Amino acid sequence: MLEVQNLTVAYSDTPVFTDVAVNFNAGKITGIIGPNGAGKSTLIKAMLGLIKTQTGTVTFNGHTLKQFQKQIAYVEQRKDLDLTFPINVFDVVLTGTYGRLGLFRQPSKADRKRCLEALKQVDLAEFADRQIGQLSGGQLQRVFVARAILQKADLIILDEPFVGIDLQSETAIMAILHGWRDAGKTIIVVHHDLNKVSRYFDDLVILNHGIVDYGPVADVYTPTNIERTFSADLSAVLFAQGGAQA
Amino acid sequence: MNSVTTFVTALGRYDFLQSALITAIMVGIMSGMIGSFIILRGMSMMGDAISHAVLPGVAVAYMLGINVMIGASIFGILAAGLIGLVASRSKIKTDTSIGVVFSAFYALGFILISLAESSTNLHHILFGNILAVSDTDMMTTTVVLGLVILFVVFFYKELLITSFDPTFAQTYGFRVQILHYALMLVLTLVTVSALQTVGIILVVAMLITPAATAFLWTDRLAVMLGLAATLGAISSVVGLYFSYTFNWASGPAIVLVAAGLFGISFVVSPKQALLPTLFKGKARLRRATA
């Protein structure tokens, strides 16, 4: 379980959120939703120690960030990536071993074998030699999920993994997420649109400059919460035909 | 062909030409390798800045009679640190910060050099004087080349991931900043070595141009490094030949050869595909009109 206690983040004195407290359960896929600018990515980055926090503690199964850093896989939003970089799909996935290897050690034969297996799991084995700029958005996303497989992490955090990807990629990624869930890992997914919320996630965190609500999807994904966080119109549309089937 | 024979004969006869050639080749190799990382990290401006910012270090080293490498390294790292400090502690963007810091260092360098009034010829520092390479210079360059190769081999993984995906490296706890400053230190050493062959003003060309040319030919980082080093060495050899044969300044001659190789690659390389695209376009036109 990932526990966050009174976490506060501010950019130049304007707080993004104050005293956030939330738990993420092992063996569950937890979605984080909220309007644009609600602080979803900021919360993730703060939990990962990528940005400065004003107050708060983050622990994973009782360990501090420094202690569990090597057990995290973070699949970022890919918008800033240099797609012209001279690297192929295989080598990108292989970088998933770097954290464990540390300085001066090179990936072993076994690592390379696992790398190819991870590529097979996401249906990209035949793309191993492709330069990464030659992939579609969905394929690229699968490459980074394959890298997360190689990291053998217990905590996996994905930032908007389903944005602009094809159905095949979405299915492949969901299959991997389910596999991780069954293995008892903690999975956190930042999600921007409200479709398929109940289909993707077991637990849900609604964020809007602070926690609106969190818990099992059935309890949290309610017309009242959506109306409170987003708008009455959106809530009406989403819950119009037969409740939370979306 | 006759001039080539003359050049080769002269190489056999004159020690200074041999030293020049060997030093130029070593500088070509090291700047190609480090330059590859500089361009992949989008730091061409930084490469230019550091190469200019070492000038006061060179002057101080002459004044105090210490090794140029030490003086230059101190000022190179100081400049890199100041650039990082200004960019991170204010709302000023990195390229602006680079502009402010490096021009100040460069200006300071000019004044210090004139104060030193040593036998150091400013002209040689600015434009290089490969034919005046001493045995000590050659030894220092050899040591720097060794350091560059060790640095790239031992930290290949880390250089790759921090160039390609620095956030990822951060998430597993790697100290990205430390490697950045290590790279800046190595860049400074390469810069000072390249001072002898092409001079401060053209160092950036040796860093950027062979690496950019290599980038046009390959999708593998390791291949790019090897190719950039080879192209750097070839530019040095051919440039020195032109310099000797036509009595051109050696630095500009080397840089022009490197630029020529880039120009050719820009037209014919598969990645750039300027020619292939043109041909395809013509073929399509022919098919359409047939």
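Numbers restart at 1 for each chain; the letters A, B, ... are given by sequence-line order, proteins then strands. Just so it is clear, the structure is predicted and the values come from calculations on it, not from any experiment.
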Salt bridge or not for A:K40 and A:D159, using N-O below 4.0 Å? no
Please check if the distance between the ring centroids of A:H63 and A:F68 is under 6.0 Å. no
Non-hydrogen atoms of chain A under 4.5 Å away: do they reach the side chain of B:T171, the backbone, both or neither? both
Are A:P15 and A:H209 close enough that some pair of their side-chain heavy atoms sits under 4.5 Å apart? no
Could you look at A:D91 and say if it's the side chain, the backbone, both or neither that has a heavy atom under 4.5 Å from chain B? side chain
Between A:H192 and A:F162, is the gap from one ring center to the other below 6.0 Å? no
State, without any angle test, whether A:D111 and A:T97 hold a side-chain donor-acceptor pair at a distance under 3.5 Å. no
Chain B heavy atoms under 4.5 Å from A:L103: which part of the residue, side chain, backbone, both or neither? both
Between B:D219, B:L221, B:I161, which has the largest tally of heavy atom pairs under 4.5 Å with chain A? B:D219
Exam field: side chain B:S90 to backbone B:A87, donor-acceptor pair closer than 3.5 Å: no
If the plane angle is over 60° it's perpendicular, under 30° parallel, otherwise tilted; pick one for B:Y172 and B:F168. perpendicular
Tell me, side chain or backbone of B:S163 under 4.5 Å from chain A's heavy atoms, or both, or neither? both
Less than 4.5 Å to any heavy atom of chain A: does that hold for the side chain of B:Y156, its backbone, both, or neither? neither
A:R147, part contacting chain B, at a heavy-atom distance under 4.5 Å: side chain
Any side-chain heavy atom of A:T64 sitting closer than 4.5 Å to one from A:T57? no
Using heavy-atom distances under 4.5 Å, tell me whether A:L65 contacts chain B through its side chain, its backbone, both, or neither. neither
With only heavy atoms counted, which part of A:Q71 is less than 4.5 Å from chain B, the side chain, the backbone, both or neither? neither
Counting only heavy atoms closer than 4.5 Å, note whether A:Q69 contacts chain B via side chain, backbone, both or neither. both
Which portion of B:F154 sits near chain A, non-hydrogen atoms under 4.5 angstrom: both
